[in-house]
Protein chains: 4
Amino acid sequence: MKERVVLAYSGGLDTSVCVKWLQEKYDAEVITLTLDLGQQEDFSEIAARSKATGAIKHFQVDAKEEFLTNYVLPSIKTNGMYQGKYPLATALGRPLIATKLVEVAESEGATAVAHGSTGKGNDQVRMDVTVRALDPNLKVIAPVREWNMSRDEELVYAKKHGIKIKPSNSIFSIDQNLWGRSIESGPLEDPNTEPPDSAFEWVTPPHKAPDSAGYIEIGFVEGVPVTIDRSEMNGLELIRHVNQFAGRYGVGIIDHIEDRLVGIKSREVYEAPAALTIIEAHKDLEQLTLTRNELDFKAGVEREWSWLVYSGLWMDPLRFALDSFVRTTQRRVSGTIRVKLYKGGLRVVGRSSKNSLYTSALSTYTKASTFDQSSAVGFIELWGLQSRIAAKIASDATGEKNVEHPKRKQSQALKQKSK
Amino acid sequence: MKERVVLAYSGGLDTSVCVKWLQEKYDAEVITLTLDLGQQEDFSEIAARSKATGAIKHFQVDAKEEFLTNYVLPSIKTNGMYQGKYPLATALGRPLIATKLVEVAESEGATAVAHGSTGKGNDQVRMDVTVRALDPNLKVIAPVREWNMSRDEELVYAKKHGIKIKPSNSIFSIDQNLWGRSIESGPLEDPNTEPPDSAFEWVTPPHKAPDSAGYIEIGFVEGVPVTIDRSEMNGLELIRHVNQFAGRYGVGIIDHIEDRLVGIKSREVYEAPAALTIIEAHKDLEQLTLTRNELDFKAGVEREWSWLVYSGLWMDPLRFALDSFVRTTQRRVSGTIRVKLYKGGLRVVGRSSKNSLYTSALSTYTKASTFDQSSAVGFIELWGLQSRIAAKIASDATGEKNVEHPKRKQSQALKQKSK
Amino acid sequence: MKERVVLAYSGGLDTSVCVKWLQEKYDAEVITLTLDLGQQEDFSEIAARSKATGAIKHFQVDAKEEFLTNYVLPSIKTNGMYQGKYPLATALGRPLIATKLVEVAESEGATAVAHGSTGKGNDQVRMDVTVRALDPNLKVIAPVREWNMSRDEELVYAKKHGIKIKPSNSIFSIDQNLWGRSIESGPLEDPNTEPPDSAFEWVTPPHKAPDSAGYIEIGFVEGVPVTIDRSEMNGLELIRHVNQFAGRYGVGIIDHIEDRLVGIKSREVYEAPAALTIIEAHKDLEQLTLTRNELDFKAGVEREWSWLVYSGLWMDPLRFALDSFVRTTQRRVSGTIRVKLYKGGLRVVGRSSKNSLYTSALSTYTKASTFDQSSAVGFIELWGLQSRIAAKIASDATGEKNVEHPKRKQSQALKQKSK
Amino acid sequence: MKERVVLAYSGGLDTSVCVKWLQEKYDAEVITLTLDLGQQEDFSEIAARSKATGAIKHFQVDAKEEFLTNYVLPSIKTNGMYQGKYPLATALGRPLIATKLVEVAESEGATAVAHGSTGKGNDQVRMDVTVRALDPNLKVIAPVREWNMSRDEELVYAKKHGIKIKPSNSIFSIDQNLWGRSIESGPLEDPNTEPPDSAFEWVTPPHKAPDSAGYIEIGFVEGVPVTIDRSEMNGLELIRHVNQFAGRYGVGIIDHIEDRLVGIKSREVYEAPAALTIIEAHKDLEQLTLTRNELDFKAGVEREWSWLVYSGLWMDPLRFALDSFVRTTQRRVSGTIRVKLYKGGLRVVGRSSKNSLYTSALSTYTKASTFDQSSAVGFIELWGLQSRIAAKIASDATGEKNVEHPKRKQSQALKQKSK
């Protein structure tokens with residue numbers, strides 16, 4: 001009996017070649033699976049292409065709501081951002097694709113799943129680890145990694161096997177879902193070259209953006225964005241709206257050097273208007289409503305969570321525990337943030353919350369202040385107590401030569417200055 | 001014999017009132033000290049005002065080089081930024097002012113130093129702790145804190161005592177040095193109100209900025225910016241240049257909610273064109289030249305260092321140790337970063353370094369790749385080993401009800417989708 | 001009408017003096033409150049003493065179960081240990097005492113609460129912050145801090161006012177509850193002096209402990225100790241049992257230098273047989289059942305949690321979020337730990353769990369191994385990739401002088417050794 | 001021409017089989033290298049065995065001083081301890097062995113180095129990564145990993161090829177150097193079985209240890225142990241002395257579950273009397289001399305450093321930067337620590353330092369105190385300010401149902417208790 005393999009199928013060159021290759025090399029029946037994560041493709045064309053390459057069956061799953069609820073919203077609450085720059089769009093999508101591959105494989109009686117990831121990126125890790133955590137009995141095949149073909153070699157193979165590829169005039173390699181779009185290859189591989197305008201589809205080049213600033217008010221309830229300009233909006237619609245609005249104002253381009261899990265540094269270019277805007281707003285609201293203790297510790301939680309998700313460990317129980325931490329902090333993160341967008345720039349210019357820890361009665365410099373300034377004297381006495389004693393001991397111990405106690409050595413400069 | 005007090009003197013309302021108050025309340029001889037930290041004031045006018053209020057002596061010290069070398073450059077290497085937003089301009093200046101107060105007090109035989117900080121802010125902590133760490137025998141007097149006067153009451157007191165105040169039509173309270181300008185009070189106390197254009201002096205409002213983008217190339221050697229557009233430039237001049245260049249393009253405005261050490265949340269608005277631009281460039285260069293291990297740990301070091309400096313613990317020996325860590329990491333942080341500025345937006349668009357860890361031979365998707373993709377298979381096997389087993393155990397232990405294992409519960413959605 | 005104050009009352013010198021002092025200085029009606037936290041006092045004698053000093057009413061509350069459930073068990077799950085040494089017994093008790101003070105004050109219509117903490121320790125912070133977080137309208141009075149009396153002065157005051165003090169032949173100042181006993185003052189104030197045997201009541205001096213080792217098996221379910229030697233035991237009874245068993249074997253003495261929140265370093269001596277034994281067992285079980293990712297991150301959570309509790313911030317919402325993190329990790333922390341105790345020494349010698357991540361099939365060196373060793377080759381290739389390149393660059397950049405690349409400079413030693 | 005390979009040679013079964021295997025399989029000339037890291041072997045016997053197995057040349061290098069200075073002392077300063085339990089003895093030795101392999105390979109014109117590590121442990125990573133960081137042109141061969149032989153299969157191979165093995169009556173697999181001894185295999189593979197006394201060579205079983213306690217005073221200068229009982233001692237001698245002294249008192253046994261880098265959990269048993277004693281003393285001295293800020297941050301540095309060293313990343317530049325941090329903290333870590341050892345138990349009972357931050361004048365409860373208790377009032381006011389407000393908001397927002405605010409729900413218990 002033929003082996004049956006479920007392949008994560010995008011309709012592009014890589015995965016179309018995979019269908020043929022799985023048939024040829026593994027003598028397998030191939031079932032293709034395409035997820036709608038909000039990437040706005042023509043799914044019927046993908047289905048047709050699957051059939052044309054010889055897949056015995058094709059599944060298309062609308063996973064947008066699940067993606068939003070279980071992946072994107074937790075990432076917003078956590079301000080998920082790898083190395084402070086990348087909002088994790090693809091990284092969040094992969095474990096969900098892997099989950100659906102397992103579901104289809106189990107319901108279709110397949111013994112293996114396959115995906116089109118290369119052996120140099122992060123996606124292979126995300127796919128392999130998630131699949132095998134969910135069902136250790138399933139084999140995972142990664143034809144592109146196994147075959148080690150370059151893009152050019154794939155094209156030759158496709159031609160030879162009569163595989164029709166979506167005609168792509170793009171020099172870029174693209175992945176996208178509702179949370180962002182990544183752009184790779186071609187001229188972007190030189191980290192010293194500015195990305196050309198042609199790389200971008202979601203973001204209007206700043207110099208072509210509107211000549212006056214746009215404002216958007218995002219309302220959050222317990223860390224989740226729920227209103228735009230005071231109107232409630234369904235989550236998917238809200239993200240789509242912010243993507244379009246911010247993108248139109250030139251906001252959402254990311255260009256940085258990124259450390260892949262496998263040890264390679266790569267130059268990555270993304271478009272993520274909604275992610276950048278919503279996370280900036282969410283962070284500002286947290287500054288208003290969380291204690292400094294919460295904010296400080298949460299920064300470390302965010303970094304760890306982003307690393308786990310980026311590095312394919314979505315299924316590590318640590319992620320569940322970090323999620324619990326974050327959920328508890330979000331109870332008070334409700335309020336409204338006003339964001340100003342202008343020709344590529346983004347700035348929060350207003351914020352309010354019923355749970356605000358900002359109280360003007362404490363911070364004002366006018367007579368209305370309720371803060372007892374004399375408390376500060378005792379506070380400072382104790383706050384600096386140990387540092388002061390230690391600095392004195394360090395100074396005594398190390399003497400004049402210590403550059404970190406510049407007290408005495410600049411004295412000559414001083415002497416000349418008295419008037 | 002009269003007590004002799006050295007007062008940190010800005011020439012503004014607060015410190016002018018302090019001169020009189022120290023004379024009246026402490027029956028003290030007052031010596032005033034003004035530091036040039038690059039704030040671009042008329043220092044002869046300040047000296048004249050000091051004399052007019054009755055100070056027995058006035059010192060003016062040019063501390064710009066010292067400020068740059070011992071405070072600003074270490075902060076650049078550390079990407080010093082409190083709560084991810086504030087580049088610490090005033091926080092860096094205060095311990096230097098305190099150091100100079102101690103020097104003058106010791107050389108002038110004074111028994112006390114004084115400063116104009118209120119009892120609600122961070123500056124009092126920075127001043128008090130640094131002075132007392134350097135010379136435990138000096139008394140520290142903070143008249144504004146002690147007297148607990150509001151701004152209006154100060155004005156009455158000034159009028160009554162014939163103190164001439166620099167006519168200020170500004171509704172804002174300002175502090176500035178070469179690393180940034182802070183703007184407080186007035187309408188900014190409402191965190192929900194957008195700062196008016198009139199608040200800004202260093203940054204051109206984005207809509208008035210040039211219509212085409214500006215580019216600037218910043219060259220670093222071991223973490224220190226040393227060239228602009230491939231030309232060497234003296235450090236002070238370089239920072240001034242970037243302040244003007246970036247400011248002209250509308251870059252440098254910061255608006256956020258900040259946690260003061262004393263527990264108050266305040267809304268803070270800053271201008272810091274050079275700080276934002278140089279630190280963004282420096283971070284990008286670090287992404288290119290430091291290992292992921294270094295980057296990840298340094299992020300925590302940066303947060304701690306920024307907190308120490310912000311909270312007045314410049315003299316805590318921990319700061320010295322963090323400096324040592326950072327210095328060692330900077331050995332390889334040399335290279336050139338190209339930044340694009342446009343109407344308030346800022347983006348790195350090119351980077352190069354002889355110490356780059358980016359090697360296109362590893363990351364390319366073309367045939368030129370030298371990366372052995374088969375290594376990834378073994379890597380993933382071990383990388384996910386424990387997470388996979390643990391996830392399986394967690395799933396077995398908790399069964400279907402665990403929302404973090406959404407594997408099976410979405411299956412019905414799946415069934416309807418097969419075509 | 002007289003002010004009514006609820007005083008946390010231990011029956012000792014400090015709080016007995018407080019009763020009188022509150023009456024005298026504040027002209028207040030004093031209600032005393034004593035909590036049973038498992039400290040094994042004669043509570044009827046305390047009630048009698050309260051009456052004798054003139055309190056108008058006395059409450060005694062058995063809070064042992066609440067203390068166990070809401071304070072001690074969370075601390076076990078978190079391996080709560082300040083600075084790696086102190087199991088937080090008093091620190092955990094104080095917020096509960098504060099909570100009960102607020103309850104009594106509200107039900108008795110008091111306008112203030114009082115406690116006997118000095119101004120130099122941590123307890124004042126724990127009491128003040130918790131009371132005011134729970135009811136901002138209550139005044140908090142700390143007579144000992146306010147009056148600033150030394151112990152000798154208190155004795156004089158007590159004598160003068162006819163206050164009968166529990167005759168104490170102890171030179172030590174003691175605080176205890178079911179989780180531990182702290183011992184201060186007297187000879188212990190010299191950190192260079194070994195604590196005398198007379199300081200200890202819970203722990204048998206090791207040289208008087210039994211001559212053969214004792215074994216105890218502690219069974220945990222989701223992080224909570226529930227069985228001893230395979231028999232179920234009620235929580236309070238279990239902790240009492242371990243205190244006695246381990247104490248009898250000489251286990252439980254802690255002697256270290258501790259950083260108080262107020263900046264003072266103090267020498268602290270504790271007895272905590274159950275805390276040390278149970279936490280050591282719990283940590284070992286976690287090593288068996290949690291992933292390395294969980295263990296590594298949880299170590300930081302534990303440190304932060306311990307610091308919050310120690311420093312009086314039991315009510316900071318960060319503590320709630322850390323609790324959520326910890327609770328999630330504990331789902332798989334079930335199993336049995338075998339501990340060997342002998343003359344002051346403590347060692348885990350056996351562990352088992354149905355959720356164990358240890359699988360001898362993976363780790364064994366015999367033929368039974370299922371681990372594919374060839375995976376390691378790819379793993380190492382990628383694990384060290386970046387470090388290797390960076391080390392090479394660092395070496396090239398810094399040349400021979402870099403002491404951290406000792407490769408070439410020891411070569412001469414090498415040359416002489418060849419045989 | 002034959003390939004020439006330098007093999008790290010211990011004289012044991014694994015590496016003796018490797019010699020033959022390299023000759024047979026790679027047709028290589030084998031040069032053996034044995035390092036003296038203080039493991040106290042008969043090195044002439046090892047040399048003879050090398051010759052007997054057919055190595056063309058044998059090097060023996062006394063690397064004890066280098067090991068002490070560049071590896072063990074930095075680890076003492078860092079309190080190097082993986083997962084809080086393992087003092088890293090083998091982990092520290094491996095990069096030094098790798099360094100010497102490279103030196104010999106380069107001076108002997110070899111094109112490859114080899115080592116006897118298996119594919120399941122950490123040593124392979126430490127060896128491979130260090131060698132390749134130092135000389136990317138050298139090939140690294142790991143015959144045991146490549147061949148994937150079990151111990152029994154190795155014995156058969158040895159017999160077949162006439163390899164004489166050191167008769168070992170031990171059922172354990174041992175690795176040792178001056179910093180510790182690791183014991184693996186046999187009955188220890190069951191984590192639920194107590195290690196038999198026969199496993200231990202350095203540590204006297206506690207019940208056979210002396211009947212009265214031993215004391216040892218360790219003097220440190222800038223973090224380095226330099227005196228024992230007030231007498232100066234050469235570093236190697238000092239460590240040997242503490243190993244013997246503490247070992248004789250039954251101190252030094254470690255038994256825990258450890259996470260190997262490759263994802264396996266293993267049960268590890270070690271003897272490390274000097275490491276445990278010296279690090280415990282060093283930590284106590286740091287508690288006395290470092291600020292709380294330093295101690296708290298250094299704890300994280302220690303964890304990271306230990307992880308890097310454990311996981312084979314000795315050459316990652318992050319390690320250099322962490323070393324710089326640690327070195328700076330050690331400037332004030334000078335003083336004397338008194339340790340009491342008794343039948344397996346270890347406790348610091350006295351400490352003193354000229355740099356002590358403990359000042360009895362601050363912490364004493366007698367009249368001699370110089371601490372101004374009224375400072376505490378202001379301190380507490382600000383310390384708890386934000387936590388209090390946030391707790392109030394959280395309570396208001398979540399109402400009675402929040403278990404983390406147990407204030408009101410226990411009231412009924414209270415009512416019954418009033419007397």
Side-chain angles (χ1 to χ4, degrees), chain A residues 59-61 70 99 103 119-120 125 128-129 132-134 145 148 150 185 189 191-192 194 206 257 259 264-266 287-288 292 313 315-317 320 342-345 349-352 357-358 360 362-367 371 373 376 380 384 387-388 390-391 394 404 406-407 411 414 417-418, chain B residues 59-61 99 103 119-120 125 128-129 132-134 145 148 150-151 185 189 191-192 194 206 257 259 264-266 287-288 292 313 315-317 320 342-345 349-352 357-358 360 362-367 371 373 376 380 384 387-388 390-391 394 404 406-407 411 414 417-418:
Chain A
F59 285 85
Q60 185 225 318
V61 176
N70 294 343
T99 302
E103 287 183 39
K120 306 172 64 174
V125 190
D128 289 15
V129 173
R132 297 182 56 197
L134 289 170
R145 175 174 68 197
N148 210 357
S150 70
S185 305
E189 289 195 350
N192 210 15
E194 182 175 350
I257 300 294
D259 286 288
I264 295 175
K265 280 188 184 283
S266 66
Q287 284 288 133
L288 195 66
R292 201 192 74 79
L313 301 185
M315 295 301 294
D316 193 289
F320 311 161
Y342 178 62
K343 288 190 182 286
V349 295
R351 64 285 280 172
S352 67
L357 295 179
Y358 175 95
S360 62
L362 280 177
S363 60
T364 184
Y365 287 108
T366 69
K367 268 184 84 170
F371 185 89
Q373 298 197 37
I380 297 168
S387 304
R388 286 183 346 241
E404 279 148 355
K407 183 180 144 194
S411 299
L414 185 69
K417 301 288 178 175
S418 170
Chain B
F59 284 85
Q60 184 225 318
V61 176
T99 302
E103 287 183 39
K120 306 170 65 175
V125 191
D128 290 15
V129 173
R132 296 180 60 196
L134 290 172
R145 176 176 67 198
N148 210 356
S150 72
R151 199 171 165 82
S185 305
E189 289 196 349
N192 210 13
E194 181 176 352
I257 300 294
D259 286 289
I264 295 175
K265 280 188 184 285
S266 66
Q287 284 289 132
L288 194 66
R292 201 192 74 80
L313 299 185
M315 296 300 295
D316 194 289
F320 312 161
Y342 179 61
K343 288 189 182 287
V349 295
R351 65 285 280 172
S352 68
L357 296 179
Y358 175 95
S360 62
L362 282 176
S363 60
T364 184
Y365 286 108
T366 68
K367 267 185 86 167
F371 184 90
Q373 299 196 39
I380 296 167
S387 305
R388 287 183 346 240
E404 279 148 354
K407 182 179 142 195
S411 300
L414 186 69
K417 301 288 176 173
S418 170

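Here the structure is a predicted model, which is why all the values come from computation and not from measurement. Convention: sequence-line order gives letters A, B, ...; per-chain numbering from 1.
Options Val125(A), Asp259(A), Asn192(A), Val129(A) differ in how many heavy-atom pairs under 4.5 Å they form with chain B, and the most are formed by Asn192(A). Taking chain B as the reference chain and counting heavy-atom pairs below 4.5 Å, the highest number among Ser352(A), Pro191(A), Gly344(A) is found for Pro191(A).
Nearest heavy-atom pair, Pro317(B) versus Ala390(A), reported as atom, atom and distance to 0.1 Å: CG-CB, 3.6 Å. Minimum interatomic distance between Leu313(A) and Gly384(B) (heavy atoms only, all atoms of both residues): CD2-CA, 4.3 Å. Closest approach of Ser266(A) to Tyr358(B), counting heavy atoms only: CA-CE1, 3.7 Å. Residues Ala376(A) and Arg145(B) come closest through the heavy atom pair CB-CD, 4.5 Å.
With rounding to the nearest 0.5 angstrom, the NZ atom of Lys265(A) is 9.5 Å from the CZ atom of Arg292(B). With rounding to the nearest 0.5 Å, the separation of CZ in Arg351(B) from CD1 in Ile257(A) is 4.5 Å.
Contacts of Pro206(A) with chain B are made by both backbone and side-chain atoms, with heavy-atom separations under 4.5 Å.
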